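Just so it is clear, the model here is predicted, and its values are computed rather than measured. Below, read A as the first sequence line, B as the second, and so on, with proteins coming before strands; counting in each chain starts at 1.
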2 protein chains.
Amino acid sequence: MSANDNRPLTLRDVSEASGVSEMTVSRVLRNRGDVSDATRQRVLEAAKELGYVPNKIAGALASQRVNLVAVIIPSMSNMVFPEVMTGISEALEETGLQPVVGVTGYSPEKEEKVLYEMLSWRPSGVIIAGLEHSDASRAMLRASGIPVVEIMDVDGTPVDSVVGISHRRAGRQMAQAILKDGYEHIAFLGTKMAQDHRARKRFEGFTEALAKAGVEIEDREFYSGGSALVKGREMTKEVLERSPDLDFIYYSNDLIGAGGLLYLLEQGVKIPQDFGLAGFNGLNLLKGLPRELASMDACRHEIGHTAAEIIARRVEEGAAGKPERVVLEPKISYGDTLRRR
Amino acid sequence: MSANDNRPLTLRDVSEASGVSEMTVSRVLRNRGDVSDATRQRVLEAAKELGYVPNKIAGALASQRVNLVAVIIPSMSNMVFPEVMTGISEALEETGLQPVVGVTGYSPEKEEKVLYEMLSWRPSGVIIAGLEHSDASRAMLRASGIPVVEIMDVDGTPVDSVVGISHRRAGRQMAQAILKDGYEHIAFLGTKMAQDHRARKRFEGFTEALAKAGVEIEDREFYSGGSALVKGREMTKEVLERSPDLDFIYYSNDLIGAGGLLYLLEQGVKIPQDFGLAGFNGLNLLKGLPRELASMDACRHEIGHTAAEIIARRVEEGAAGKPERVVLEPKISYGDTLRRR
DNA sequence: CTGAAAGCGCTAACAG
DNA sequence: CTGTTAGCGCTTTCAG
């Protein structure tokens, strides 16, 4: 290897090493335009020999193109977003676009910062979770002039395109399924949802559909922090001591639902005959528990995939592109914790 | 808002709108150098009014500084890397550095591509999982001239700095604990580990320590794909039908271990008296199962935190920095599935 | 405290 | 097929 003066290599270095103009070297390295096989070989060899890695910063500035897609999500540890990410990566695989992730921790202020930070890299598009953003965030998104896809939720007004499910409708559907199965004394256990708009909307849809049938939630409780499985157990225990007449609990996610399920099984409760349970998310992680929890698939993978496709398409179309709206249909999986009448 | 000709705003726009030179605008926006309060206000106002977002691409090119740290991991859905990421984010929080994640899917070829891609953005540092990389990857890392921290594993030769645990030693320690507790007929169930070097090293350490005590693995099996909980159940069932004399199973991760645990409890097996189990990772997600699985904390959070600290320090020090080596000590958590003699 | 000039490393656009 | 020229939008450096 040549003497390393610790200065990153430039096109010029490769140009000198190969005796080919910078421009042609650039063409070879990007596979753009016609270059004779002979020079191509010489360039490739020189580049490899030197260990040259192109400087995308300079390239992006010169070409005004950045192959990055900003993906902004509330959390990585959530179990729901990894799947969305997988869908995104898949769809972007062949497009030359690259996802870059930013995490907001469910905080609108953090979201604003992360968005600002990411937009300052001039990505080709933005995929962002949820429809609720600060005015400043929304303004940035609009002003960015790049395609934006808001994901997960469709209950609200998108900035541009949107892909997701209706969480209000999801809550309603679950309520209807429960009522049809003849459960009547129903509680809701969930996360503290000041910032979890989607859980809130499910809850609202749920109570609304119950109300329409003349049924009211008999108990509810919200938690934050801790192991979800343990919390599910604890909250289920508490709520049943407080309201012993309950025959159903709707959980805002599968993990606390699983905790409740395990607790009830230990208590010898007959599920689903005497007591029913349902969660949300269709966490296939949980397959393998003694019983399978009824749940609802949030279409996470498909949401990611579709959102990324929209971005890719819009990037190709340029200014010609139009906003899209894709509403996915979550399906109830009855598992073993809903009796079927 | 002014007419939107869809051209992204530049410093010049802010300069014209505020009647202040580009240079001074730049200073205000970066909080660099002294600017009078009066002009500062004018600039800030104009920038906000226009909705200006600085172009980091141009900034980075001009200043030759990029506040990005490349983080390269095998998978996001793994449950182990989200925690590492949290540690990294925390440590980077106050430094002005930003993590950017790339995912390799446990493939060395993909790793090479991702690394190349990320290095082409000239990040300030690299945090990369594992010590096993292709020659080309290692060459790129060395040639990059930026601080590199390899994480998770310390059994091997790092390119630069390294933070992790010894998986060989972890395997040995678990073997010793098991033997001390008097288990004698031991099986190993794990993932197919062609590319999972850390699981492989644990397995090697495990068998090595057993061998030293004159004990041999009586059965083993490896899986890939599917729900880990279900796989844990199935593999446990199969291995016990094949080798009914077993009194212990060591699992390569907590999820399949949990599946095995649930299966055995259903079979009425007395745990830990007649049969012992242990996993790996200390997944606190699983707290709340009927029994707590014995496991070993992989220090994920601390690994991330420490690695990021090293990067931050090295970035400050510049060329003065020296490679560091941090070996963390995983602790066995006995849970309820190891009898204590 | 403020400004003018000169690039950062690459690519678009045009000539040969 | 190959090379030349002129920036991309910002920051560094040096003068006021």
Side-chain angles (χ1 to χ4, degrees), chain A residues 5-44 46-47 50-67 96 117 119-124 144-145 318, chain B residues 5-44 46-47 50 52-67 96 117 119-124 144-145:
Chain A
D5 55 9
N6 219 359
R7 168 185 57 74
L9 295 161
T10 69
L11 259 192
R12 166 176 240 111
D13 293 311
V14 182
S15 165
E16 282 169 0
S18 64
V20 177
S21 79
E22 283 186 45
M23 196 53 233
T24 301
V25 172
S26 168
R27 282 198 267 258
V28 171
L29 265 20
R30 285 178 299 146
N31 270 316
R32 272 259 186 323
D34 294 325
V35 180
S36 77
D37 263 5
T39 42
R40 156 167 280 108
Q41 290 314 330
R42 274 204 295 165
V43 170
L44 256 21
L50 296 172
Y52 172 68
V53 177
N55 184 333
K56 285 221 180 195
I57 298 174
L61 184 61
S63 66
Q64 307 279 24
R65 264 184 280 103
V66 177
N67 68 337
E117 189 73 18
L119 287 180
S120 72
W121 285 101
R122 300 288 188 265
S124 291
S144 70
Chain B
D5 55 10
N6 218 359
R7 169 185 59 72
L9 296 160
T10 69
L11 259 191
R12 166 176 239 113
D13 294 308
V14 182
S15 165
E16 281 168 3
S18 62
V20 177
S21 80
E22 281 186 47
M23 196 52 238
T24 301
V25 171
S26 167
R27 281 198 267 257
V28 171
L29 265 21
R30 286 178 298 146
N31 270 315
R32 272 261 185 323
D34 294 324
V35 180
S36 76
D37 262 6
T39 43
R40 155 168 283 108
Q41 290 314 330
R42 275 204 296 165
V43 169
L44 255 22
L50 296 173
Y52 172 69
V53 177
N55 185 332
K56 285 222 180 193
I57 298 174
L61 184 60
S63 66
Q64 308 279 25
R65 263 183 278 103
V66 178
N67 68 336
E117 189 74 18
L119 286 180
S120 72
W121 286 101
R122 300 289 187 266
S124 292
S144 70

- For the atom pair CH2 (B:W121) and CD1 (B:I57), what is the distance rounded to the nearest 0.5 Å? 5.0 Å
- Query: Is there a side-chain polar atom (N or O) of A:R30 under 4.0 Å from OP1 or OP2 of C:dT11?
  - Reply: yes
- Query: Roughly how far apart are B:R32 CZ and B:S26 OG, rounded to 0.5 Å?
  - Reply: 9.5 Å
- Item | Value in whole Å for how far the C1' atom of C:dT11 lies from CD1 of B:I57 | 14 Å
- Task: Figure out the CD/P separation between A:Q64 and C:dG9, and round it to whole Å.
- Result: 18 Å
- Hey, is the side chain of B:R27 pairing donor to acceptor with the base of C:dG3 inside 3.5 Å? yes
- Integer-rounded Å distance: C:dC10 P and A:K56 NZ: 13 Å
- Message: Please give me the minimum heavy-atom distance between A:S15 and A:S21, naming the atom from each residue.
- Response: OG-C, 3.8 Å
- So do the side chains of A:L9 and A:V14 get within less than 4.5 Å of each other, counting heavy atoms only? no
- Query: With a 4.5 Å heavy-atom cut-off, do A:K56 and A:N67 have their side chains touching?
  - Reply: yes
- Item | Side-chain touch A:R122/B:V53, heavy atoms, less than 4.5 angstrom | yes
- Quick one: label A:R65 by what it contacts on the DNA or RNA (base, sugar-phosphate, nothing), any heavy atom closer than 4.0 Å. sugar-phosphate
- Message: So, taking the atom named CG in B:D13 and the one named CD in B:E22, what distance separates them when rounded to the nearest 0.5 Å?
- Response: 9.0 Å
- Message: Rounded to whole Å, please give me the gap between CZ in B:R40 and C1' in C:dC1.
- Response: 11 Å
- A:T39 or B:G59: which one's nearest nucleotide on DNA chain D is closer to the 5' end? A:T39
- Task: Would you mind reading off the distance between A:R7 atom CZ and C:dG7 atom P, rounded to a whole angstrom?
- Result: 16 Å
- Item | Start and end of the DNA chain D segment that chain A contacts, any atom under 4.0 Å from a heavy atom | D:dC1 to D:dG9
- Taking only heavy atoms on the protein side, list every residue of residues 11-24 of chain B lying under 4.0 Å from any atom of DNA chain C, sorted numerically. B:V20, B:S21, B:M23, B:T24
- With sequence neighbours excluded, what pairs up with A:S36 under the side chain to side chain donor-acceptor pair (under 3.5 Å) test? A:T39
- Message: Any non-hydrogen side-chain atom of A:V35 less than 4.5 Å from a side-chain atom of A:V20?
- Response: no
- Task: Report the distance from atom CZ of B:R42 to atom C1' of C:dT2, rounded to the nearest whole Å.
- Result: 12 Å
- Query: Hey, does A:N55 reach any base, or is it just sugar-phosphate, or nothing, if we go heavy atoms under 4.0 Å?
  - Reply: sugar-phosphate
